[in-house]
Amino acid sequence: MPVGTLGSVKGLELEQVRATGAEMVLANTYHLALRPGEDIVESLGGLHGFSGWQGPILTDSGGFQIFSLAHRTKVTEEHAAFQSHIDGRRVVISPERAVAIQEALGSDVAMVLDHVVALPNRPEVVRDAAERTIRWARRCQQAATRSDQALFAIVQGGLDPAMRADCAHRLAELDFPGYAVGGLSVGEPPEQMYRTLDVTVPELPADRPRYLMGVGRPEDLLEAIRRGIDLFDCVMPTRNGRNAQAFTDEGPLRLRNLKYERDERPLQPGCPCAACRRSRGYIRHLFMAKEMLGPILLSIHNLAYYQRLVADARRAIERDQFETFREEKLRGWGVV
RNA sequence: GGGGGGUUUCCCGAGCGGUCAAAGGGGUCAGACUGUAAAUCUGAUGGCAAUGCCUUCGCAGGUUCGAAUCCUGCACCCCCCA
């Protein structure tokens, strides 16, 4: 899923997002509750009518903001209290409120409010957050009223295998329609994230979507797919695209680099996206000149690249050739 | 013709006797970015055999232990008066 936190995949029109192959996008509860407010989104047709996106929409709950905006957030058993990053006012999001906001937003998939902490962290902090996440998941489940909206649970538990497995197991017993693995890629080395997936994913029902939140680099996606993950979201293709980085089969390209000044090749030979109809030299020029088309084109390219990556992975799995596919990709990226 | 102001490292622009290879900004070069407080942030940016040496603040001389800073002459630019 491309990330459209504020109800828009930054810089891109709906058709451009759709043309990358994306079917589902992500938006954010905390951010939309602050601005414009879920009541306004609801009155303007819900997230679909409001943004115009016809496909499925998943809303994150605000749990990630407990981590990313930690310095202005206070968590109690009852709720998370934020000091708005926009105007400083107090914004309280309880599990019940997170569900109510998401129901008003009208997303197709809502996420439970979870408690995300930075890693590495003290065991008691990680355990406390994981236990609270389970209690909050129950409260979210009980607060949910819409039959046309799925509610996914989120596994926490840091890097502790036992805690992860336990958290996953206990959430699985609550019979959610989908499960996410959260609290990863928040500062820990990739290897530790992979090891955590090794022990977490097997505890989650294989007949439900298994979603790794906020990940990641192309190699992270393949490592996660290999371990049973079905769904991802990440700002990397769009944010890094806006910052002049293009993902390709030869690894990421920093288009501002002098070496592309006269490079007449496309970013990725064979890529059908709009950016790849131009030369690297032209795209470098756009970034050096601070033309808005630069960030737009690389956002398009990176989203298309990511979509193709997972589509190809899916096809490889169907042919039982995933390992070969993965090794080829990693070799191209120079990761192995 | 008379009076005044100015010329600083790639650019703009501080500095006005030593702590100045010289603030700050721009540009350039390089790096970071993982459920978006991000079209953002970080570092480098005279040369070198480099805990030191050399070259540089319009040009040429001079004063001084020491000058981007003071003095003299010259060149060029800007403003006002005629």
Side-chain angles (χ1 to χ4, degrees), chain A residues 1-12 24-32 34-35 57-73 82-88 91 98 102 107 109-119 133 152-156 179-190 193-194 211-221 223-224 229 231-247 252-261 284 286-299 302 306:
Chain A
M1 297 177 283
V3 175
T5 304
L6 277 56
S8 134
V9 176
K10 292 185 191 300
L12 303 191
M24 188 175 188
V25 298
L26 175 145
N28 184 276
T29 298
Y30 166 85
H31 287 284
L32 290 169
L34 256 65
R35 185 169 57 194
I57 299 175
L58 179 147
T59 42
D60 185 24
S61 60
F64 184 71
Q65 278 63 45
I66 293 175
F67 158 74
S68 66
L69 300 175
H71 58 104
R72 39 173 72 238
T73 306
F82 299 91
Q83 186 186 22
S84 162
H85 68 281
I86 298 169
D87 59 10
V91 178
Q102 294 179 86
S107 53
V109 179
M111 300 303 297
V112 300
L113 184 67
D114 61 336
H115 186 173
V116 182
V117 296
L119 294 179
T133 295
F152 285 13
I154 307 174
V155 178
Q156 288 292 335
Y179 293 87
V181 181
L184 290 175
S185 62
V186 287
E188 81 286 1
M193 174 169 83
Y194 304 153
Y211 162 33
L212 177 56
M213 305 186 78
V215 174
R217 299 126 80 211
E219 57 264 43
D220 295 331
L221 266 57
E223 293 301 331
I229 294 293
L231 178 65
F232 302 89
D233 77 278
C234 192
V235 303
M236 194 165 267
T238 45
R239 178 188 286 170
N240 289 30
R242 264 178 278 123
N243 294 322
Q245 186 171 61
F247 292 95
L253 270 36
R254 283 187 289 262
L255 268 299
R256 262 190 291 254
N257 285 186
L258 183 58
K259 63 180 173 183
Y260 300 116
E261 192 175 34
R284 169 177 148 91
L286 293 177
F287 274 96
M288 297 314 281
K290 297 183 166 62
E291 279 292 317
M292 61 197 285
L293 186 57
I296 292 171
L297 285 179
L298 285 200
S299 294
N302 286 343
Y306 268 60

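In the text below, chain A, chain B and the rest are named by the order of the sequence lines, each starting its count at 1. None of the values given here were measured: they were computed from a predicted structure.
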>> Can you check the distance between B/rA67 and B/rC20, where both ends of the measurement are the P atom (answer in whole Å)?
In response: 16 Å

>> For B/rU40, give the paired nucleotide (Watson-Crick: N1-N3 plus N6-O4 or O6-N4; G-U: N1-O2 and O6-N3; both under 3.5 Å), or none.
In response: B/rA32

>> Does B/rU34 have OP1 or OP2 under 4.0 Å away from a side-chain N or O of A/Arg239?
In response: yes

> In Watson-Crick or G-U wobble terms, both distances under 3.5 Å, what is the partner of B/rA14?
Replying inline: none

>> Taking the minimum atom-to-atom distance to the side chain of A/His71, which one of B/rA37, B/rG35, B/rC29 wins?
In response: B/rA37

> What integer number of Å spans the C1' atoms of B/rC53 and B/rC74?
Replying inline: 33 Å

> Reckon A/Val116 touches a base, only the sugar-phosphate, or nothing at all at heavy-atom distances under 4.0 Å?
Replying inline: base

> At what distance, to the nearest 0.5 angstrom, does CG of A/Leu255 lie from CE of A/Met288?
Replying inline: 11.0 Å

> Paired with B/rC53 by Watson-Crick or G-U wobble geometry, both distances under 3.5 Å: which nucleotide is it?
Replying inline: B/rG47

> Looking across every strand, which nucleic acid part, if any, lies under 4.0 Å from A/Asp233 by heavy atom: base, sugar-phosphate, or nothing?
Replying inline: sugar-phosphate

>> Any non-hydrogen side-chain atom of A/Gln65 less than 4.5 Å from a side-chain atom of A/Asn28?
In response: yes

> Expressed as a whole number of Å, how far does the P atom of B/rU9 sit from that of B/rU36?
Replying inline: 47 Å

>> Counting C-beta onward and ignoring hydrogens, is there a side-chain heavy-atom pair between A/Glu219 and A/Pro190 closer than 4.5 Å?
In response: no

> At what distance, to the nearest 0.5 angstrom, does CZ of A/Phe67 lie from CG of A/Asp114?
Replying inline: 12.0 Å

> Which is true for A/Lys290 with a 4.0 Å heavy-atom rule: it touches a base, it touches only sugar-phosphate, or it touches nothing?
Replying inline: sugar-phosphate

>> In the structure I gave you, are the side-chain heavy atoms of A/His71 and A/His85 within less than 4.5 Å of one another anywhere?
In response: no

> Contact class for A/Gly183 vs. all strands (heavy atom < 4.0 Å): base, sugar-phosphate, or nothing?
Replying inline: base

> Considering only the P atoms, how many Å lie between B/rA23 and B/rU8, rounded to the nearest integer?
Replying inline: 15 Å

>> Considering every strand and a 4.0 Å limit on heavy-atom distances, what is the contact class for A/Glu223: base, sugar-phosphate, or nothing?
In response: nothing

> Given the P atoms of B/rA39 and B/rG47, what is the spacing between them in whole Å?
Replying inline: 34 Å

>> Please evaluate residues A/Tyr211 and A/Leu58 with respect to the criterion side-chain contact (heavy atoms from CB on, under 4.5 Å), reporting the C-alpha separation (whole Å), side-chain torsions for both, the decisive distance (0.1 Å), and the verdict.
In response: CA-CA 11 Å; A/Tyr211 162 33; A/Leu58 179 147; 3.8 Å; yes

>> Suppose we define a pair by two distances each less than 3.5 Å, Watson-Crick or G-U wobble; what does B/rA21 pair with here?
In response: none

>> Need one value for A/Leu69: base, sugar-phosphate or nothing, where a base atom within 4.0 Å counts as base even if backbone is also close, heavy atoms only.
In response: base

> What integer number of Å spans the C1' atoms of B/rC70 and B/rG17?
Replying inline: 8 Å

>> Heavy atoms only, 4.0 Å cut-off, all strands: where does A/Ile154 land among base, sugar-phosphate and nothing?
In response: base

>> I'd like to check A/Gln245 versus A/Leu298 (side-chain heavy atoms, cut-off strictly below 4.5 Å). Are they in contact?
In response: no

>> Base, sugar-phosphate or nothing for A/Met288? Non-hydrogen atoms, less than 4.0 Å.
In response: sugar-phosphate

> If you look at every strand shown and take non-hydrogen atoms under 4.0 Å, does A/Asn28 touch a base, only sugar-phosphate, or nothing?
Replying inline: sugar-phosphate

>> Return the pairing partner of B/rU7 with a 3.5 Å limit on both distances, Watson-Crick or G-U wobble; otherwise return none.
In response: B/rA75

>> Please compare A/Gln65 and A/Arg242 by the position of their nearest nucleotide in RNA chain B and report the one closer to 5'.
In response: A/Gln65

> Considering Watson-Crick and G-U wobble pairs with both distances under 3.5 Å, what does B/rG1 pair with?
Replying inline: B/rC81

>> Taking only the C1' atom of each, what is the distance from B/rG13 to B/rG25 in whole angstrom?
In response: 8 Å

> B/rA30 phosphate, OP1 or OP2: any side-chain N/O from A/Asn257 under 4.0 angstrom?
Replying inline: yes

> Heavy atoms under 4.0 Å, any strand shown: does A/Ser299 hit a base, just sugar-phosphate, or nothing?
Replying inline: nothing

>> Taking the C1' atom in each of B/rU56 and B/rU45, what is the distance between them to the nearest angstrom?
In response: 15 Å

> Nearest nucleotide by nearest heavy atom, which residue falls closer to the 5' end of RNA chain B, A/Ser185 or A/His31?
Replying inline: A/Ser185

